[in-house]
2 protein chains.
Amino acid sequence: MSSNPSPASAAARAVPPAGGGSARRAPRGSARAKLIAAAHQTVRRKGYAATSVDEICAAAGVTKGAFFHHFDSKDALAVAAAEGWTERARPMFELPPHTRLEDPLDRLLGHIDFRLAMLEGPVEDFTCFVGTMVQEAYATNDAIRAACEASINAYCEALTPDIEAAIARHGIAHGVGAMSLARHIQAVLQGAFIMAKTANDAGIARDSVTHLKRYILMLFGRG
Amino acid sequence: MSSNPSPASAAARAVPPAGGGSARRAPRGSARAKLIAAAHQTVRRKGYAATSVDEICAAAGVTKGAFFHHFDSKDALAVAAAEGWTERARPMFELPPHTRLEDPLDRLLGHIDFRLAMLEGPVEDFTCFVGTMVQEAYATNDAIRAACEASINAYCEALTPDIEAAIARHGIAHGVGAMSLARHIQAVLQGAFIMAKTANDAGIARDSVTHLKRYILMLFGRG
DNA sequence: GACAACATACCGACTGGTTGGTATGTAGAG
DNA sequence: CTCTACATACCAACCAGTCGGTATGTTGTC
């Protein structure tokens, strides 16, 4: 999933390879994608304001000229990176084996298990780029805030069909709505990320998502 | 709580007043507390890195001299402000009427209702200072991270006795532990804050905390 | 209780380094 | 040749932190 090429790999290519003689540089047109990927990585680690343009350029293995060729400003990159984050999350809903399950509730629970399994390793590798960034931008930059909102909404909307189908098939306690539950799932994940950052450890996040799974099971009468 | 005199007031007072009447300045020794309160306010709005020392000073109505008299660095203020946040949250567990209820489960549910009622008005007024700050510091400043962790832990530990007593009296489904549930409550709150920031609206946060309350009721067989 | 000696609280101009952003140059594709 | 995609050099604004100084206590001595 993470589609994280080693950050150094691009920069390493700047070193002329032995053969051929010509110093092959990164293919033209790749700078934009590398800058967005670098922003995802760096902002998740340090936050948005603490991440400088130079730092993103260094992580992407390009120069400032390339940065400001592709983006009008740092804030413009932030918006583009939020949109890029939505793309990057899309495979989560298509690839894994559990998406083929027949029962929509099993697909939903499979997704939760999938998210649970993601909570491994360094905190900065599984946390949410838009969730991190919106905290710094919600009151000061509405374009970034809206881009983050769109990404979060896309996640919730991707989750909703299965939840709706599960409700139709199994019923749900207390008239809980599909979109409301999808948003709660997202909220618990975001909260779990913060707890993981607090302890600098993923375990505490898994614990919360396990509570979430139990809640969903109970709602659908499988508790 | 906010104790925010007009930011300009102190500077204005530097001009000698005409009459012999006393130009009353802020009482000596108040600068530290005002700086911490200003940090709480400003960081919750803009994040930690985007908040400058000058800005905090202006909001507190003191000068940089006062700032660096009380704190060795901006990061040192962050640590002190995290500790101050714990103090500021303490009354939540002592004051409200629900803390007098006889049944510990009612006290716990009363606390959730209390948190729910807090989710009103501007987002920056009910979100969590340490939850915001830890996102920017967890990987880059361990002193700040640890201070935030301590504050979060203090919250969870304040919640735990009632949960334990509620488990003892009513039993709980699936052998859920008191500390684990307390941490999940905190996680859902933090996640709800992020969702509120995303939409710049408190309603979405209330929805998630309502899910949380339902989960707790179900765990204790009151669903 | 008066006064010297000292300590604490606070002020605001200044500095060196960093930041986002710009102006200009160049190389490869078509 | 031209245009896009980058690179390099540079700048003004801003930032955290410093420093010399003042104002307001506090303490010990007689």
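Just so we're on the same page: letters track the sequence lines, and every chain starts at 1.
- Counting only residues at least two apart or in different chains, salt bridge (Lys or Arg N to Asp or Glu O under 4.0 Å) contacts with residues 127-142 of chain A comprise A:Asp142-A:Arg145.
- Remark: the B:Lys64 side chain and the D:dA16 base include a donor-acceptor N/O pair separated by less than 3.5 Å.
- Residues forming a ring-ring contact (aromatic ring centres under 6.0 Å, His included) with B:Tyr215 (at least two apart in sequence, or on another chain): A:His211, A:Tyr215, B:His184.
- Residue A:Phe67 contributes atom CZ, which lies 18 Å from atom C1' of D:dC10 at whole-angstrom precision.
- Listed in residue order, the members of residues 71-79 of chain A having a heavy atom less than 4.0 Å from DNA chain C are A:Ser73, A:Lys74.
- One interatomic measurement links the two molecules: NE2 of A:His69 to P of D:dT8, which rounds to 16 Å at whole-angstrom precision.
- Looking at residues two or more places apart in sequence or on another chain, you find no salt bridge (charged side-chain N to carboxylate O under 4.0 Å, His left out) involving B:Glu157.
- For the helix from C:dG1-D:dC30 to C:dG30-D:dC1, the angle separating the two terminal helix axes comes to 10°, with each axis derived from five pairs and the value rounded to 10°.
- To the nearest angstrom, P of D:dT18 lies 14 Å from CG of B:Asp54.
- Residues in residues 188-209 of chain A take part in these salt bridge (Lys or Arg N to Asp or Glu O under 4.0 Å) pairs, two or more places apart or across chains: A:Glu120-A:Arg206.
- For B:His70, the listed nucleotide lying nearest its side chain is C:dC10; candidates were D:dG17, C:dG21, C:dC10.
- In this structure, A:Tyr48 atom OH and C:dT19 atom P are separated by 14 Å, rounded to whole Å.
- In this structure, B:Arg32 atom CZ and C:dT8 atom P are separated by 15 Å, rounded to whole Å.
- Look at CZ on A:Phe68: it is 18 Å from C1' on C:dG25, rounded to the nearest Å.
- Sorted by first then second residue, the salt bridge (Lys or Arg N to Asp or Glu O under 4.0 Å) pairs that include residues 108-117 of chain A, not counting sequence neighbours, are A:Asp113-A:Lys213.
- Legend: ring-ring contact (aromatic ring centres under 6.0 Å, His included) pairs involving residues 39-64 of chain A, not counting sequence neighbours, sorted by first then second residue: A:His40-A:Trp85, A:His40-A:Phe129.
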So A:Tyr138 and B:Val123, side-chain contact (heavy atoms from CB on, under 4.5 Å) or not? Walk me through it.
CA-CA 9 Å; A:Tyr138 78 98; B:Val123 172; 3.7 Å; yes
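- Relative orientation of the B:His111 and B:His98 rings is perpendicular, given thresholds of 30° and 60° on the angle between their planes.
- Near DNA chain C, defined here as any heavy-atom distance below 4.0 Å, there are no residues from residues 134-146 of chain B.
- In this structure, the ring-ring contact (aromatic ring centres under 6.0 Å, His included) partners of B:Phe71, at least two apart in sequence or on a different chain, are B:Phe67.
- Not counting sequence neighbours, the partners of A:Arg107 by the salt bridge (charged side-chain N to carboxylate O under 4.0 Å, His left out) test are A:Asp162.
- Look at CD1 on A:Ile56: it is 11 Å from P on C:dG21, rounded to the nearest Å.
- Residue pairs meeting the salt bridge (Lys or Arg N to Asp or Glu O under 4.0 Å) criterion with at least one member in residues 69-87 of chain A, sequence neighbours excluded: A:Glu87-A:Arg90.
- Here B:Thr63 lies in heavy-atom contact (under 4.0 Å) with a base.
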